[in-house]
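Report on one structure; see the data block that follows.
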2 protein chains.
Amino acid sequence: MTTYGPAEAAERSGFSIDTLRYYEREGILPPVARTSAGRRQYSDGDLAMLDFLRCLRDTGMPIERLRRYGELARSDETMPERLALIEEHSAIVEQQIAELERQRARLEEKAAWYREQLDGADSQSA
Amino acid sequence: MTTYGPAEAAERSGFSIDTLRYYEREGILPPVARTSAGRRQYSDGDLAMLDFLRCLRDTGMPIERLRRYGELARSDETMPERLALIEEHSAIVEQQIAELERQRARLEEKAAWYREQLDGADSQSA
DNA sequence: ATGCAACCTGGAGCGCGCACCAGGTCAAGC
DNA sequence: GCTTGACCTGGTGCGCGCTCCAGGTTGCAT
């Protein structure tokens, strides 16, 4: 079973080394295995977890909820709660998307309006 | 021409009174008309501007860019620049939406996986 | 042996986008 | 005329999510 030092874990997960330590302190990531000298050794499982955490973060889940997920993930008795959390979050993301699409339509409207104005100005000046 | 006090402008725009003052200080909103005693009187034009600023904010445009737009909007010679800014932002929003959709697909995958696991556990326990 | 880079901990600092506060002014109803 | 509440300015504080720093250890390469 392969392990990774902090630098490689950071590179593979896309989180900075500081963020990895921060997540561990905050209980988002379960305590990472250490060498006898105290250095972290991230496992493939840790990286998989980080990969999913990145998905959650990128969709705007706040740290507090991330911690909740991290805590739940330490026991495999909590799959229903984790499922519920993910479903809930997915619904939130769906709404975010819908909202962004509405707003983007407004941006496009405004852009179209500007283009009209500019066309008008051009044809006047011609 | 109707005008609105700070409280009503806040209510209509959805920004807080503090935020309205902040935006004005920061040059995002052009200087708002005042009564002889120095109290702000927001015009319909101001509210229209705020409404659009809200659209920009809600789609994640940073304050710095908002200021840029606000500055441009003070002169009507700058419509091409404003158009460009809006088009650029619209493209960014489009990418945000695409990214959120990708991530949401991952969430749904994960949720499906959890549901499978739980179904399995249920049928075992039955 | 020694240099040097990667790692460790605890804690302070930071950038963003407001929110809040003190201390004062103004306007409208009683 | 006096209270009350909305408003003013200038400045400070805050929550989030990291990011950076000091001061010390470890381990590999030469």
Side-chain angles (χ1 to χ4, degrees), chain A residues 2-43 46-47 49-50 52-71 89 92 96 103, chain B residues 2-43 46-47 49-50 52-71 89 92 96 103:
Chain A
T2 326
T3 63
Y4 313 86
E8 195 171 357
E11 191 183 348
R12 288 184 183 243
S13 68
F15 292 112
S16 75
I17 292 182
D18 272 321
T19 299
L20 291 181
R21 286 196 288 244
Y22 168 67
Y23 280 12
E24 195 179 343
R25 271 203 309 277
E26 292 299 307
I28 293 167
L29 201 59
V32 174
R34 306 291 188 114
T35 68
S36 57
R39 303 195 166 192
R40 287 176 183 81
Q41 288 183 298
Y42 294 87
S43 70
D46 290 331
L47 288 191
M49 174 81 169
L50 284 170
F52 188 60
L53 288 175
R54 169 147 288 288
C55 175
L56 296 177
R57 268 316 275 132
D58 287 352
T59 50
M61 181 178 283
I63 290 296
E64 185 55 39
R65 299 285 291 166
L66 236 60
R67 175 176 13 246
R68 176 87 181 124
Y69 181 81
E71 278 165 6
H89 184 59
I92 291 173
Q96 282 180 22
Q103 303 287 28
Chain B
T2 324
T3 63
Y4 313 86
E8 194 170 358
E11 191 183 347
R12 289 186 181 242
S13 68
F15 291 111
S16 75
I17 293 183
D18 271 323
T19 299
L20 292 181
R21 285 196 287 244
Y22 169 68
Y23 279 13
E24 194 178 344
R25 270 205 308 279
E26 292 299 307
I28 293 166
L29 200 60
V32 173
R34 306 293 186 113
T35 69
S36 57
R39 305 196 163 188
R40 287 174 183 81
Q41 287 184 299
Y42 294 87
S43 69
D46 290 332
L47 287 192
M49 175 81 170
L50 284 170
F52 189 59
L53 288 174
R54 170 146 288 286
C55 175
L56 296 177
R57 269 313 277 133
D58 286 352
T59 49
M61 181 179 282
I63 290 295
E64 186 54 40
R65 298 287 288 167
L66 236 60
R67 177 180 6 253
R68 176 86 181 125
Y69 181 81
E71 279 166 5
H89 184 59
I92 291 173
Q96 281 179 23
Q103 303 287 30

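Below, chains carry the letters A, B, ... as their sequence lines are ordered, and counting in each starts from 1.
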Out of dC7(C), dA27(C), dG17(C), which nucleotide sits closest to the side chain of A7(A)? dC7(C)
Short side-chain N/O contact from R40(A) to OP1 or OP2 of dC8(C), under 4.0 Å: yes
Are any of the side-chain heavy atoms of R57(A) and Y23(A) separated by less than 4.5 Å? yes
Check E24(B) with R21(B), please: is the shortest side-chain N to carboxylate O separation under 4.0 Å? no
Euclidean distance, L20(B) CG relative to L29(B) CG, rounded to 0.5 Å: 7.5 Å
Whole-Å distance, E8(A) CD to dC7(C) P, equals 10 Å
Given atom CD1 of I28(A) and atom C1' of dC16(D), what is their separation to the nearest angstrom? 12 Å
Please classify the nucleic acid contact of T35(A) as base, sugar-phosphate, or nothing, using heavy-atom distances under 4.0 Å. nothing
Neighbour count >12 (heavy atoms, 6.0 Å) for atom CZ, R67(A): yes
Using atom CD of E26(A) as one end and atom C1' of dT19(D) as the other, report the distance to the nearest whole Å. 14 Å
If you compare every side-chain N and O of Y23(B) against the phosphate oxygens of dC18(C) (OP1, OP2), does one of them come in below 4.0 Å? yes
If I compare all heavy atoms of I28(B) with all of M49(B), which pair ends up nearest, and what's the gap? O-CE, 3.7 Å
Report the nucleotide, chosen from dG17(C), dC26(C), dC20(C), that has the shortest atom-to-atom distance to any side-chain atom of I63(B). dG17(C)
Which residue, S36(B) or E64(B), contacts DNA chain C at a nucleotide closer to its 5' end, judged by nearest heavy atom? E64(B)
N/O donor-acceptor pair, side chain R21(B) with base dT9(D), under 3.5 angstrom: no
The nucleotide from dT19(D), dC8(D), dA6(C) with an atom nearest the side chain of P6(B) is dC8(D)
When the distance from CG of L20(A) to C1' of dA6(C) is rounded to whole Å, what number comes out? 15 Å
Taking OP1 and OP2 of dC18(D), is either one under 4.0 Å from a side-chain nitrogen or oxygen of R25(A)? no
For R39(B) and R57(B), take the nucleotide of DNA chain C holding the closest heavy atom to each; which residue's nucleotide lies nearer the 5' end? R57(B)
Does R34(A) place a side-chain N or O at less than 4.0 Å from the phosphate oxygens OP1/OP2 of dT25(D)? no
May I ask you to evaluate whether T19(A) reaches the phosphate of dG17(D), defined as a side-chain N or O under 4.0 Å from OP1 or OP2? no
Heavy-atom count around R54(B) CZ within 6.0 Å, excluding the residue itself: above 12? yes
Between atom CG in D18(B) and atom P in dC7(D), what is the gap in whole Å? 12 Å
Rounded distance in Å - CZ (R54(A)) to P (dC18(D)): 8 Å
I17(A), nearest nucleotide to its side chain (from dT26(D), dG17(D), dC7(C)): dC7(C)
How long is the line joining CD of Q41(B) and P of dA6(D), in whole Å? 18 Å
Nearest-angstrom distance from the residue atom CD of E24(B) to P of dT9(D): 8 Å
